[in-house]
Colleague: 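There's a structure below that I have some questions on.
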Amino acid sequence: MKSAVETLNPTRVRLTVEVPFEELKDSLDAAYKKINQQVTVKGFRKGKIPARVIDQRFGRGAVLEEAVNDALPKFYTEAVNEAEVNPLGQPEVDITELKDGELLAFTAEVDIRPTIEIPDYSGIEVTVDAVEVTDEDVEKSVEQLRERFASTSAVERAAAEGDVVTLDLEAKVDGEVLPDGVASGVSYTIGSGELLDGIDEAVTGLEADGEATFTSQLKGGSAEGKDAEVTVKVTAVSARELPALDDDFAQLASEFDTLDELKADARKRLENQKQFDQATQAQERVLDELIKLVEVPMPEKLLEDEINTRKHNLEHHQLGQMGLTLEKFLEIQGKTEEEFLAETKEQAEKGIKTQFILDELVNKEKLNVSQEELTEHLLRRASSSGMSPDQFAQAVVEGGQVPMLVGEVARGKALAVVVEAAKVVDANGEVVDLSDDEDEVEEAAEVVETVVDGDAEAEAK
């Protein structure tokens, strides 16, 4: 076999391959054997039809087509290895010559991973939010805990904001009761905004057995998006009672003996969360600055495929689970389809650049992934997938995805290296030291995954 490579642009090559016909022998034998198992010829046992008979009855062309289809992947792979290129995606193959008994010639155009140079990144500087927990933050956290321990008791008075009311509902569109527009015994907290627009105003001031009618746009069901005339009847009114903020509450709601200890723990937890958020913000902003430093040629076919994949995942997975169409989602977001596609393209480009740059950094810095790091990453991925670690590990192995997980950890390590070399200061001008973060690599890997794989789910929420 002879092959040559022609560079079409920094991200695409054309391989020209010539194969002497004798190198097709194994594939021709396999083609005759396959056809033998598929056809029947009178006078011959199945599987024992001579090659000349197959040529006569079914045509030599059918055999050659089968043989070439079988042989092309092997010769393409050999040409790729010989040219020392890193292909991305599937090639566009064109058979330029096929002379029976003499020669097979073909070309294969394919996108390749571009060659990129990583400049000095030690001068990167970013500013992040300061870690500040106010008394108001602590009080809000404790109040949320207090809400979880609220109790209710029936009252004989008009319903007010914060009360829990039991409702019967009936929705009509164009004077007709909807088949899915009737519900009874619905529990609703006035002011929560969890039901229909306008319901808070309708039920506020009503006592048990009180009734009101209002118009609201339906958020789901058979008449989603249409204006409906909704009749609501209050069957019961209950007042929510919050426990007193004292040591007894602390003992009821936590492992602490005093309210002061509970508040101190709330402050510590908020500080830890803000520190985590600060570290994530630093990684995201350092990555943005790194991308600005590096010139990355963009493989157009790869970019097109990535845009289509992100659009498909959003439309058929995230939005499908939420019961939304893409059109409805864009309406909620206040975006046109053109704006959505432009944003998707921008995100896809960033994801591809991130992967290329960090993969190059892995090679440049000679970063390796330990078994311990891979196991920790696997456990986190299993947790986020809702599978047990054993189930997730089995799925990864059976799907041949171990190299993918190794790549995710390696890119996280590469980003962590850049973050450690960068200067990170908070909004108060104080230098932020992230070197004590034991989970830095895992946190960085998560940031990279979000960028590389797409953040469609988070955006959909």
Colleague: Would you mind checking if E147 and R240 are paired as a salt bridge, meaning a charged N to carboxylate O distance below 4.0 Å?
Modeller: yes

Colleague: Between D359 and F356, is there a donor-acceptor pair closer than 3.5 Å when you use the side chain of the first and the backbone of the second?
Modeller: no

Colleague: Indicate whether the side chain of S388 and that of Q391 have a donor and an acceptor atom separated by less than 3.5 Å.
Modeller: yes

Colleague: Has the side chain of D120 got a donor or acceptor atom that lies under 3.5 Å from a matching backbone atom of S122?
Modeller: yes

Colleague: For the backbone of L302 and the side chain of D111, can you confirm whether one donor and one acceptor N or O come within less than 3.5 Å of each other?
Modeller: yes

Colleague: Among V447, D129, V432, T127, which residue satisfies the side-chain contact (heavy atoms from CB on, under 4.5 Å) criterion with Q281?
Modeller: D129

Colleague: Using the rule given for side-chain contact (heavy atoms from CB on, under 4.5 Å), can you reason through L195 versus V186, listing the C-alpha separation, both sets of side-chain angles and the distance that settles it, and then say yes or no?
Modeller: CA-CA 10 Å; L195 275 177; V186 177; 4.1 Å; yes

Colleague: Less than 4.5 Å apart, side chain to side chain, heavy atoms only: is that true for I95 and L72?
Modeller: yes

Colleague: Using only atom types and a distance under 3.5 Å, with no angle test, would you say the side chain of E339 pairs donor to acceptor with the backbone of T336?
Modeller: yes

Colleague: Looking only at heavy atoms, what is the nearest atom pair of I124 and V286, with distance?
Modeller: CD1-O, 4.2 Å

Colleague: Return the minimal non-hydrogen interatomic distance between A416 and E440, and the atom names on each side.
Modeller: O-OE2, 3.7 Å

Colleague: Measuring from atom OG1 of T354 to atom CG of L290, what distance do you get when rounded to the nearest 0.5 angstrom?
Modeller: 8.0 Å

Colleague: Evaluate the criterion salt bridge (charged side-chain N to carboxylate O under 4.0 Å, His left out) for residue pair E300 and R12; output intermediate values, then yes/no.
Modeller: CA-CA 9 Å; E300 291 303 321; R12 195 167 179 84; over 6 Å; no

Colleague: Under the criterion salt bridge (charged side-chain N to carboxylate O under 4.0 Å, His left out), I'd like the reasoning laid out for R285 against E289: C-alpha separation, chi angles, the key distance, then a yes or no.
Modeller: CA-CA 6 Å; R285 293 184 178 179; E289 293 303 311; over 6 Å; no

Colleague: Going by salt bridge (charged side-chain N to carboxylate O under 4.0 Å, His left out), R381 matches just one of E408, E446, E376. Which one?
Modeller: E408

Colleague: What heavy-atom pair brings V126 and A282 nearest, and what distance separates the two atoms?
Modeller: CG2-O, 4.4 Å

Colleague: Just checking, any donor-acceptor pair under 3.5 angstrom between side chains of Y188 and D200?
Modeller: yes

Colleague: Has D180 got a side-chain atom pairing as donor or acceptor with S222's backbone, closer than 3.5 angstrom?
Modeller: yes

Colleague: Please check this pair: side chain of D94 against backbone of A108, looking for a donor-acceptor N/O pair closer than 3.5 Å.
Modeller: no

Colleague: Side-chain contact test, heavy atoms from C-beta onward, threshold under 4.5 Å: evaluate it for V406 versus L374 and give yes or no.
Modeller: yes

Colleague: Go through the steps to decide whether H377 and E449 satisfy the test side-chain contact (heavy atoms from CB on, under 4.5 Å), and finish with yes or no.
Modeller: CA-CA 12 Å; H377 186 62; E449 283 171 55; 3.0 Å; yes

Colleague: Answer yes or no: is there a side-chain heavy-atom contact under 4.5 Å between K74 and M1?
Modeller: no

Colleague: Rounded to the nearest 0.5 Å, what separation is found between the CG atom of L303 and the NZ atom of K353?
Modeller: 10.0 Å

Colleague: Do the non-hydrogen side-chain atoms of I352 and E306 ever get within less than 4.5 Å of each other?
Modeller: yes

Colleague: So L326 and L319, do their side chains get closer than 4.5 Å, heavy atoms only?
Modeller: yes

Colleague: Within a radius of less than 6.0 Å around NZ of K268, do more than 12 heavy atoms belonging to other residues, nucleotides or ligands occur?
Modeller: no

Colleague: Roughly how far, to the nearest 0.5 Å, is the CZ atom of R310 from the CZ atom of F340?
Modeller: 10.5 Å

Colleague: Is atom CD of E346 surrounded by more than 12 heavy atoms (other residues, nucleotides or ligands) closer than 6.0 Å?
Modeller: no

Colleague: Report the C-alpha distance between E132 and K274 in whole Å, list the side-chain angles of each, state the deciding distance to 0.1 Å, and finish with yes or no for salt bridge (charged side-chain N to carboxylate O under 4.0 Å, His left out).
Modeller: CA-CA 8 Å; E132 294 176 340; K274 284 181 178 284; over 6 Å; no

Colleague: Please report the C-alpha distance between R14 and E6 in whole Å, then the side-chain angles of each, then the deciding distance to 0.1 Å, and finally whether the salt bridge (charged side-chain N to carboxylate O under 4.0 Å, His left out) criterion is met.
Modeller: CA-CA 5 Å; R14 179 188 294 121; E6 176 189 359; 2.8 Å; yes

Colleague: Quick one: do E207 and R157 make a salt bridge, cutoff under 4.0 Å?
Modeller: no

Colleague: Working to the nearest 0.5 Å, report the span between OG1 of T325 and CG of L330.
Modeller: 8.5 Å

Colleague: Would you mind reporting whether L242 and E143 have side-chain heavy atoms less than 4.5 Å apart?
Modeller: yes

Colleague: Check step by step if side-chain contact (heavy atoms from CB on, under 4.5 Å) holds for K140 and E136.
Modeller: CA-CA 6 Å; K140 183 178 179 181; E136 183 181 350; 5.6 Å; no

Colleague: On a heavy-atom basis, which atom in A212 and which in L206 lie closest, and how many Å separate them?
Modeller: CB-CD1, 4.0 Å

Colleague: Compare every heavy atom of P299 with every heavy atom of T11, then report the nearest pair and how far apart it is.
Modeller: OG1-CA, 3.5 Å

Colleague: Could you check whether any side-chain N or O of D247 sits under 3.5 Å from a backbone N or O of L259, counting only pairs where one atom can act as donor and the other as acceptor?
Modeller: yes

Colleague: Quick one: does E241's side chain get under 4.5 Å of T152's, heavy atoms only?
Modeller: no

Colleague: Answer yes or no: is there a side-chain heavy-atom contact under 4.5 Å between R146 and L245?
Modeller: yes

Colleague: Using only heavy-atom distances, determine whether the side chains of Q394 and E398 contain a donor-acceptor pair under 3.5 Å.
Modeller: yes

Colleague: Above 12 or not: heavy atoms from other molecules or residues under 6.0 Å from NZ of K423?
Modeller: no

Colleague: Strictly distance-based, threshold 3.5 Å: is any side-chain N or O of D246 a donor or acceptor partner for the main-chain N or O of F249?
Modeller: yes

Colleague: May I ask you to decide whether D288 forms a salt bridge with K350, counting only side-chain N to carboxylate O separations under 4.0 Å?
Modeller: yes

Colleague: When you look at CD of Q144, are more than 12 heavy atoms from neighbouring residues, nucleotides or ligands closer to it than 6.0 Å?
Modeller: yes

Colleague: Nearest 0.5 Å, please: how far is CG in L379 from CD in E442?
Modeller: 9.0 Å

Colleague: Hey, could you give me the CZ/OG distance between F75 and S3, rounded to the nearest 0.5 Å?
Modeller: 11.5 Å

Colleague: Please walk me through it: do V110 and L88 pass side-chain contact (heavy atoms from CB on, under 4.5 Å)?
Modeller: CA-CA 7 Å; V110 66; L88 301 168; 6.0 Å; no

Colleague: T280 and D277: side-chain donor and acceptor closer than 3.5 Å?
Modeller: no

Colleague: Ignoring hydrogens and geometry, is there a side-chain-to-backbone donor-acceptor pair from E373 to S370 under 3.5 Å?
Modeller: yes

Colleague: Atom CD of residue position E78 - does it have more than 12 heavy atoms of other residues, nucleotides or ligands inside 6.0 Å?
Modeller: yes

Colleague: Looking at every non-hydrogen atom in both residues, tell me the closest pair between A160 and I190 and how far apart they are.
Modeller: O-CD1, 3.5 Å

Colleague: Taking the side chain from E109 and the backbone from E92, do they hold a donor-acceptor pair closer than 3.5 Å?
Modeller: no

